[in-house]
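What you see below is based on every heavy atom in this structure, not just the backbone, and it leaves out hydrogens, waters and symmetry mates. Letters go in sequence order (proteins before strands), and every chain restarts at 1.
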Number of protein chains: 2
Amino acid sequence: MSSQNPKRAMFEHLAAVARSLGSAHRLELLELLAQTERSVEELVKLTGLTLANASQHLQQLRRFGLVEARRSGKHVIYRLADPEVVRLLEALSRVTERNVGAVEKLLNSYFRERDRLEPLSRRELLRRMRDGLVTVIDTRPPEEFAAGHVAGAINLPLSELKRRLRELPREQEIVAYCRGPYCVLSYEAVAELRKRGFKAVRLEDGYPEWKAAGLPVEQSANL
Amino acid sequence: MSSQNPKRAMFEHLAAVARSLGSAHRLELLELLAQTERSVEELVKLTGLTLANASQHLQQLRRFGLVEARRSGKHVIYRLADPEVVRLLEALSRVTERNVGAVEKLLNSYFRERDRLEPLSRRELLRRMRDGLVTVIDTRPPEEFAAGHVAGAINLPLSELKRRLRELPREQEIVAYCRGPYCVLSYEAVAELRKRGFKAVRLEDGYPEWKAAGLPVEQSANL
DNA sequence: ACAACAATCAATTAAGTTCTTGAATGAAAA
DNA sequence: TTTTCATTCAAGAACTTAATTGATTGTTGT
């Protein structure tokens with residue numbers, strides 16, 4: 001039956017793409033690339049992988065269409081091939097969160113204890129921003145912020161938080177976001193701010209999801 | 001740094017779930033389960049896997065939270081754990097379609113040649129149904145139809161199509177759907193109908209996606 | 001209790017994946 | 001040109017996954 005073969009072939013392709021997501025290191029690389037494009041070298045520094053290993057993982061991601069690469073001088077710069085990839089990662093997270101008991105426990109024991117108040121959804125944040133009700137802080141390092149951030153957010157990396165508390169309003173709610181739902185920077189920022197008496201909550205997910213949803217973003221001028 | 005570990009652990013979990021999608025056989029099982037719950041035995045018949053092998057794949061899917069099982073007499077019935085799983089499969093398909101060149105070619109050479117007219121989106125079909133503009137046919141076998149189908153659709157399995165052409169209107173557009181975007185039954189039905197002078201198009205995706213989107217479905221009475 | 005049957009488990013073999021190491025490219029700077 | 005540096009390639013060892021086989025569990029019907 002000729003009907004069966006193309007279907008099988010299709011499943012094989014889907015499986016190959018799924019397998020390329022089937023490694024914690026590759027998922028970490030994808031998360032980093034979801035922020036902004038980066039060279040292999042940068043990715044090596046950020047992940048702690050060896051150079052050859054990172055390169056091979058990146059090539060695998062490229063082979064299956066998740067990332068693209070271009071050469072820029074001595075460096076090879078990788079970036080996500082398509083915003084759909086972020087959506088795929090989101091869908092994977094959602095299924096994983098709902099269904100895997102162990103993950104539930106992990107989320108409860110680590111993340112939830114740091115954020116008993118419900119995190120804010122994208123939609124809700126957008127509304128409060130429009131009404132001028134919140135101050136939004138981006139807890140990622142300056143380079144990532146410069147490459148793109150939620151429109152109207154101010155960059156306040158975790159490392160500078162204590163020094164720059166004066167910049168923040170005491171009366172208004174502060175919303176912190178970061179790389180994604182499992183990025184800990186925003187959890188820690190919220191914990192710290194609350195300890196000091198600020199009203200702080202976390203955005204449910206991070207910059208890549210915000211951008212992929214087509215919500216307003218901006219870049220720093222000198223990029 | 002205590003921040004790194006839970007993140008790593010989370011990536012490991014996500015990767016494990018992704019790996020459980022990383023096999024054509026398991027994807028096929030998931031697609032079949034997206035239609036309706038089924039026993040191991042049925043799945044074996046439908047896929048051609050050996051019993052032990054199918055059982056092991058199903059257990060793996062269960063271990064990672066994609067399916068659930070219950071015992072019913074001598075049989076063990078599996079079903080999708082969550083409608084989110086369908087969304088994850090959709091996201092995987094979308095990324096695969098867009099990004100993998102080989103898949104594009106496959107889609108072009110086999111699927112597209114059978115359906116030069118654009119397929120209909122769910123939203124569009126819903127609108128035309130509300131306006132009474134279309135006849136919707138479900139090309140899946142009667143059991144699957146009985147377990148759940150698009151509200152208002154009539155069941156017309158491919159095998160009965162030629163015999164039952166008289167039931168179909170010549171002047172109104174006919175929309176065929178099936179198990180999912182890569183299910184060939186609806187392609188073949190549309191090809192056949194066009195050959196015979198009917199106005200026929202395919203629904204872009206299938207029953208599981210329709211249901212997961214929360215659109216109106218119905219079941220046959222005696223279920 | 002026993003036979004029949006669906007499904008699972010356990011053990012094996014084959015195949016595939018990951019990481020490491022060291023050599024090979026390829027672009028830029030000296 | 002030669003040197004330097006970022007990246008990729010190639011090969012091998014350690015580990016993981018897939019499919020097959022035959023034994024075992026658990027449920028129904030006699």
Side-chain angles (χ1 to χ4, degrees), chain A residues 8-9 11-30 32-33 36-79 100 143, chain B residues 8-9 11-30 32-33 36-79 81 143:
Chain A
R8 271 280 153 80
F11 281 129
E12 280 304 342
H13 282 287
L14 295 171
V17 173
R19 267 196 301 274
S20 72
L21 297 180
S23 141
H25 286 153
R26 285 195 294 272
L27 289 173
E28 192 178 0
L29 289 168
L30 286 174
L32 290 166
L33 292 174
T36 180
E37 55 177 27
R38 303 182 198 258
S39 68
V40 179
E41 197 182 21
E42 284 178 273
L43 291 168
V44 163
K45 279 203 194 100
L46 290 164
T47 57
L49 295 173
T50 64
L51 208 135
N53 196 13
S55 172
Q56 281 168 184
H57 279 305
L58 289 166
Q59 276 165 28
Q60 188 162 348
L61 290 171
R62 189 169 55 166
R63 195 158 49 247
F64 295 106
L66 298 170
V67 307
E68 290 170 349
R70 68 168 208 279
R71 185 142 210 150
S72 163
K74 283 200 226 180
H75 296 263
V76 174
I77 313 286
Y78 280 85
R79 63 165 177 276
V100 180
E143 314 82 71
Chain B
R8 272 281 152 80
F11 281 128
E12 281 302 343
H13 281 288
L14 294 171
V17 173
R19 268 196 301 274
S20 72
L21 297 180
S23 141
H25 287 152
R26 285 195 293 271
L27 290 172
E28 193 178 0
L29 290 167
L30 286 173
L32 290 167
L33 292 173
T36 180
E37 56 177 27
R38 302 181 198 258
S39 69
V40 180
E41 198 183 20
E42 285 177 272
L43 291 168
V44 163
K45 279 203 195 100
L46 290 164
T47 57
L49 294 174
T50 64
L51 206 133
N53 197 13
S55 172
Q56 280 166 189
H57 279 305
L58 289 165
Q59 277 165 28
Q60 188 162 347
L61 289 171
R62 187 169 56 167
R63 193 158 52 247
F64 295 106
L66 298 170
V67 306
E68 290 170 349
R70 69 169 208 279
R71 185 141 209 149
S72 162
K74 284 199 230 180
H75 297 263
V76 174
I77 314 285
Y78 281 85
R79 63 164 176 278
E143 316 83 70

Legend entry - Counterpart residues, side-chain hydrogen bond (donor to acceptor under 3.5 Å, both in side chains), relative to A:S55 (two or more places apart): A:Q59
Legend entry - Nearest heavy-atom neighbours spanning B:L27 and A:A15: CD1-N, 3.4 Å
Inset, instruction - Output the residues of residues 43-54 of chain A in contact with DNA chain D, where contact means a heavy atom of the residue under 4.0 Å from an atom of the strand; sort by number or write none. - result: A:L51, A:A52
Inset, instruction - Test B:L66 against B:R26 for side-chain contact (heavy atoms from CB on, under 4.5 Å), laying out the working first. - result: CA-CA 10 Å; B:L66 298 170; B:R26 285 195 293 271; over 6 Å; no
Inset, instruction - Between B:L58 and A:H25, just flag the one whose closest nucleotide in DNA chain C comes earlier from the 5' side. - result: B:L58
Inset, instruction - Among A:L46, A:I77, A:V44, find the one that has a side-chain contact (heavy atoms from CB on, under 4.5 Å) with A:R38. - result: A:L46
Inset, instruction - Looking at every strand, decide which applies to A:R62 at a 4.0 Å heavy-atom threshold: base, sugar-phosphate, or nothing. - result: nothing
Legend entry - A:Q56: partners by side-chain hydrogen bond (donor to acceptor under 3.5 Å, both in side chains), with sequence neighbours left out: none
Legend entry - From A:L61, A:L33, A:L30, residue fulfilling side-chain contact (heavy atoms from CB on, under 4.5 Å) relative to A:Y78: A:L33
Legend entry - Closest approach of B:A81 to B:G65 (non-hydrogen atoms, all atoms of both residues): CB-O, 3.3 Å
Inset, instruction - Sorted by first residue and then second, give each side-chain hydrogen bond (donor to acceptor under 3.5 Å, both in side chains) pair with at least one member in residues 14-25 of chain A; sequence neighbours left out. - result: none
Legend entry - Sequence-distant partners of A:A52, side-chain contact (heavy atoms from CB on, under 4.5 Å), two or more places apart: none
Inset, instruction - Would you classify A:Q59 as touching base, sugar-phosphate or nothing, given that sugar-phosphate means primed atoms plus P, OP1 and OP2, and contacts are heavy atoms under 4.0 Å? - result: sugar-phosphate
Legend entry - Partners passing side-chain hydrogen bond (donor to acceptor under 3.5 Å, both in side chains) against B:R71 (at least two apart in sequence or in another chain): none
Inset, instruction - For B:T47, enumerate each residue passing the side-chain contact (heavy atoms from CB on, under 4.5 Å) test, keeping only those at least two apart in sequence or located in another chain. - result: B:E28, B:L29, B:L32, B:L49
Inset, instruction - Return the residues of residues 72-79 of chain B meeting this criterion: a heavy atom under 4.0 Å from some atom of DNA chain C. Order them by number, or give none. - result: B:K74, B:H75, B:V76, B:Y78
Inset, instruction - Report which part of the nucleic acid A:E42 touches: base, sugar-phosphate, or nothing (heavy-atom distance under 4.0 Å, all strands). - result: nothing
Inset, instruction - Output the distance between atom NE2 (A:H75) and atom CD (A:E42), rounded to the nearest 0.5 Å. - result: 8.5 Å
Legend entry - First and last nucleotide of DNA chain C, 5' to 3', lying under 4.0 Å from heavy atoms of chain A: C:dT17 to C:dA28
Legend entry - Where chain A begins and ends its contact with DNA chain D, read 5' to 3' at 4.0 Å from heavy atoms: D:dC5 to D:dA10
